[in-house]
Amino acid sequence: MAEAQRESDHEVAAWDEEETLAPMRQRLWVLYRGYWLKHQTAESVRLLEAQFEPRPDDLFLVTYPKSGTTWLKALAFAVANRQRHAAGSDGHPLLTNHPQDLVPFLELPDRRVHPVAGLDALASPRLLCTHMPVALLPPRVSALGCQVVYLCREPKDVLVSYWHFASKVHPDFTLDKAFQLFCQGVSSYGPIWEHYLGYWRQSLMEPHKILFLKYDDMMADPVSHVKTLAKFLRVPFSDDEVRRGVVEALVDLCSFDKLKSLQVNSSGVSDRIAGVPIENSSYFRAGKVGDWATHLTPEMAKKLDDIVEEKMRGSGLKF
Ligand code: A3P
């Protein structure tokens, strides 16, 4: 009897969960070749596949959403353009432009913002950004040997960051719902583990083409990571630059506290996601490693850890 009761409780709970989660899943995403994409993003990915012409010297910054894209954009832009714009100079573009706007995204739900023609008009070498999983990158990107910098982050921190961001646009996207969906692999560009493993395996096969970075490691030692990034982007720091403290100046300019404090990043609203105006400050929330602990219960943390560990088993990738 008790057993039967437990079983039916379980069924009701599962039914309740599906009743709440399924409509939200359908409203927000479509499963496109194994990945959960916003409907308009899937359309954009299709367009890019047909129309985007990569060039051999293109540099791609690829991230899982909420893994530190804004930071990577700022760092890569500052590294690549440091001869024209010294990190300490008054007129540095990062002082007056949101980092999101300095490196264009490939796939945007609204193609009017960065139409393919706009990408074609950019001078080489182009610095471009995308959240696309490796399986959805236009095939010629790999065939041409384009370089890719991939940045990922501890999944529990991604979930919390993602929930904060998405709930601004969808107020009914509660942490509980975000968590349940995330554990099923359902979040923008998810499953997160497929995204990570795709680039991880590719980086093991082609380390000269894919630089695999972790947000948490970069936070622990930004200077050495920025040196690695510069080398990978084929603009290594000279001994003289290192002596003059150019690397540290650049790390300071792109630090969370510095960028968050700038007027361009702390005020105003921009529409970067197709008709969804969002505060510029939303891209600079806590900027911490381990902030998940203030939001997730130990049970939630264990459940997600166990799922991620199981998915990563045997790959050599750990968080
Ligand atoms: P939190 O929400 O945990 O604070 P993305 O740029 O991919 O959307 O990721 C956003 C996350 O990166 C946010 O995490 C944000 O605070 C953090 N972030 C933004 N700029 C940063 C910087 N300069 N250094 C470190 N973290 C940064």
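For ligands, and for the atoms within them, numbers begin at 1 and follow the listed sequence.
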So does [X] pair up with [Y], basic N to acidic O under 4.0 Å?
| X | Y | value |
| --- | --- | --- |
| R46 | E49 | no |
| R27 | D172 | yes |
| K302 | D306 | yes |
| K311 | E194 | no |

Any atoms of ligand 1 less than 4.0 Å from a non-hydrogen atom of [X]? List them with their elements.
| X | value |
| --- | --- |
| S255 | 23 (N) |
| F284 | 16 (O), 19 (C), 20 (N) |
| T70 | 5 (P), 6 (O) |
| G287 | 1 (P), 4 (O), 16 (O) |
| S67 | 7 (O), 9 (O) |

When you compare ligand 1 with [X], is there at least one nitrogen or oxygen pair between them that comes in under 3.5 angstrom?
| X | result |
| --- | --- |
| A286 | yes |
| K288 | no |
| C254 | yes |
| M219 | no |

Distance (rounded to the nearest 0.5 Å) between S188 OG and W29 CH2: 6.0 Å
Distance check, rounded to the nearest 0.5 Å: L317 atom CG versus R201 atom CZ? 9.5 Å
Between [options], which one has a non-hydrogen atom sitting closest to [atom]?
| atom | options | value |
| --- | --- | --- |
| atom 14 (O) of ligand 1 | M218, R153, R285, K66 | R153 |
| atom 12 (O) of ligand 1 | G68, C129, P65 | G68 |
| atom 24 (N) of ligand 1 | F165, W71, Y64 | W71 |
| atom 26 (N) of ligand 1 | Y162, W292, Y215, F256 | Y215 |

Looking only at heavy atoms, what is the nearest atom pair of [X] and [Y], with distance?
| X | Y | result |
| --- | --- | --- |
| L151 | K214 | CD1-C, 3.8 Å |
| K73 | V103 | NZ-O, 2.7 Å |
| W163 | H295 | CZ3-ND1, 4.0 Å |

Write out the residue and atom name of the closest protein heavy atom to [atom], then the distance separating them to 0.1 Å.
| atom | value |
| --- | --- |
| atom 7 (O) of ligand 1 | T69 OG1, 2.5 Å |
| atom 19 (C) of ligand 1 | Y283 O, 3.1 Å |
| atom 13 (C) of ligand 1 | S161 OG, 3.7 Å |

Is the closest heavy-atom distance from L259 to ligand 1 below 4.0 Å? yes
Taking the side chain as every heavy atom from C-beta outward, state whether Y162 and F173 have any atom pair closer than 4.5 Å.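 Yes; the side chains approach each other to less than 4.5 Å.
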Looking only at the side chains, is there a donor atom on one of Y35 and H131 sitting less than 3.5 Å from an acceptor on the other?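 Looking only at side-chain atoms, H131 and Y35 do not form any donor-acceptor pair under 3.5 Å.
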